[in-house]
Amino acid sequence: MNAMARDGLPRETVPSAFDTEARFYDRLVGANPGYHEHLRLSARRLALPAATPGLRVLDAGCGTGASTAALLSVVPNARITAFDASGEMLERARSKTWPDRVGFVHTPVEELAGIHGPFDGILAAYLLRNLTEPTTQLRRLRELLRPGGRIAVHEYSVRDSRRARLVWNAVCAGVIIPLGKLTTGDATLYRHLRRSVLEFDGIAALTRRLTEVGFTDVHTATVGGWQRGIVHTVVGTAPLETP
């Protein structure tokens, strides 16, 4: 049995795995120091003009709404559209209290059914790593942005750093996988998390992906705490229209 079969999930089954674990998700991420603050940090790094009337923001892969709440805290007057491929995760998000200008759509990023741009900004948190064709979907997201609009990709990336891989493996083995097993009774999704992060792009490759699909001014930053060098924000700008 190879490592992916043992530790990973086929990417097409990831939404259904999140369906199964949805009722535990908020409790588990709440035990992760910095999880919500790091999402707010990536939302701030979009550098959106919060006071601009009619601002539209897309939360790509919103899960149970943690990233949606992060956006709302940074651009409280924006109209936010949030989508996810997991119906159960989305139901958890919808069950929370939101202003009328926040709406949720059940769709995978490969289809984007019911998602209509242009948007001023996009936050894609922990999304690309679980996609079969991340470059293709990045291009589709770029096409939803207005000229000059920005995307913030908030993602784990450890491939370029030996220290980051060592810390990630240690935390997964000692905390994430055992806690997931204890809380849910099944560690499959948490073993997949470990493996998917190890196999995902290094930060240099992720930066190149954004550049290759047409984003400009692509730059990166990490977060604080034990996740320094493990969780990153990669920000890019949609090109301005040719005069």
Side-chain angles (χ1 to χ4, degrees), residues 38-63 65-85 90 93 98-99 101-155 157 200-201 203 205-221 231-243:
H38 294 161
L39 287 171
R40 290 190 290 269
L41 181 59
S42 284
R44 290 194 294 271
R45 286 170 174 168
L46 278 168
L48 296 173
T52 300
L55 197 70
R56 297 188 69 217
V57 184
L58 181 67
D59 184 6
C62 65
S67 49
T68 316
L71 283 168
L72 192 61
S73 72
V74 173
V75 283
N77 297 314
R79 182 166 295 279
I80 299 172
T81 300
F83 74 85
D84 201 88
L90 203 63
W98 305 97
R101 59 187 173 278
V102 176
F104 294 93
V105 179
H106 183 201
T107 182
V109 67
E110 292 83 359
E111 297 176 12
L112 294 175
I115 306 296
H116 306 289
F119 294 95
D120 298 279
I122 297 174
L123 177 60
Y126 305 119
L127 173 69
L128 293 186
R129 175 174 42 83
N130 288 313
L131 301 180
T132 303
E133 297 181 354
T135 298
T136 299
Q137 308 317 326
L138 268 175
R139 184 174 291 109
R140 297 189 72 190
L141 291 174
R142 192 210 72 200
E143 291 167 355
L144 288 171
L145 283 168
R146 64 165 178 80
R150 295 189 184 95
I151 189 170
V153 175
H154 178 98
E155 189 56 89
S157 178
F200 188 56
D201 290 351
I203 197 65
L206 183 54
T207 301
R208 283 195 300 273
R209 278 191 195 269
L210 269 72
T211 302
E212 288 168 1
V213 303
F215 286 106
T216 63
D217 187 29
V218 178
H219 55 280
T220 73
V231 174
H232 306 262
T233 317
V234 184
V235 179
T237 302
L240 297 173
E241 291 178 321
T242 303

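Not measured: the values here are computed from a predicted model.
Residues Ala78 and Val57 come closest through the heavy atom pair CB-CG2, 4.0 Å. Taking all atoms of both residues into account, the shortest heavy-atom contact from His38 to His154 is O-CE1, 3.4 Å. Contact between Ala50 and Val74 at its shortest, heavy atoms only, is CB-O, 3.9 Å. Residue Gly61 comes nearest to Asp84 through the heavy atom pair C-OD1, 3.3 Å, listed as atom of the first residue, atom of the second, then distance. Smallest separation of non-hydrogen atoms from Ser42 and Thr233: OG-OG1, 2.6 Å. Considering all non-hydrogen atoms of both residues, Ala60 and Ile122 come closest at CB-CG2, 4.2 Å.
Remark: Arg56 is positioned above the aromatic ring of Phe119, its terminal NZ or CZ atom under 6.0 angstrom from the ring centre and at most 45 degrees off the axis.
Under the 3.5 Å distance criterion, the side-chain polar atoms of Thr237 are left unmatched by any main-chain donor or acceptor of Asp217. At distances below 3.5 Å, at least one donor-acceptor pair connects side-chain atoms of Arg150 with backbone N or O atoms of Leu46. Although no hydrogens or angles enter the test, the distance criterion places a donor-acceptor pair under 3.5 Å between the side chain of Trp98 and the main chain of Ala93. Looking at Ser67, its side chain never comes within 3.5 Å of a backbone N or O of Gly63 through a donor-acceptor pair. Under the 3.5 Å distance criterion, the side-chain polar atoms of Thr216 are left unmatched by any main-chain donor or acceptor of Pro239.
Atoms CZ and CG, on Arg101 and Leu55 in that order, are 11.0 Å from each other to the nearest 0.5 Å.
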### Query
Step by step, would you call Val231 with Tyr126 a side-chain contact (heavy atoms from CB on, under 4.5 Å)?
CA-CA 10 Å; Val231 174; Tyr126 305 119; 4.1 Å; yes
### Message
Is there a side-chain contact (heavy atoms from CB on, under 4.5 Å) between Phe83 and Asp59? Walk through the geometry before answering.
### Response
CA-CA 6 Å; Phe83 74 85; Asp59 184 6; over 6 Å; no
### Query
side-chain contact (heavy atoms from CB on, under 4.5 Å) between Val235 and Ile151: does it pass, once the steps are laid out?
CA-CA 6 Å; Val235 179; Ile151 189 170; over 6 Å; no
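Residues forming a ring pair (Phe, Tyr, Trp, His ring centres under 6.0 Å) with His232 (at least two apart in sequence, or on another chain): none. By the salt bridge (charged side-chain N to carboxylate O under 4.0 Å, His left out) test, Arg140 pairs with no residue at all, sequence neighbours left out. His116 meets the side chain to side chain contact (heavy atoms under 4.5 Å, CB included) test with no other residue; sequence neighbours excluded. Listed by chain and number, the residues in a salt bridge (charged side-chain N to carboxylate O under 4.0 Å, His left out) with Arg139 amount to none (sequence neighbours excluded).
With hydrogens and angles left out, the side-chain atoms of Arg40 and Ser73 include no donor and acceptor closer than 3.5 Å.
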Could you tabulate the donor-acceptor pairs under 3.5 Å formed by side-chain atoms of residues 102-112, not counting sequence neighbours?
unit_1: His106; atom_1: NE2; unit_2: Ala85; atom_2: O; d: 3.1
unit_1: His106; atom_1: NE2; unit_2: Gly87; atom_2: N; d: 3.4
unit_1: Thr107; atom_1: OG1; unit_2: Leu112; atom_2: N; d: 3.2
unit_1: Thr107; atom_1: OG1; unit_2: Ala113; atom_2: N; d: 2.9

Donor-acceptor pairs under 3.5 angstrom involving side-chain atoms of residues 141-148: please list them, not counting sequence neighbours.
unit_1: Arg142; atom_1: NH1; unit_2: Val213; atom_2: O; d: 2.3
unit_1: Arg146; atom_1: NE; unit_2: Asp120; atom_2: OD1; d: 2.6

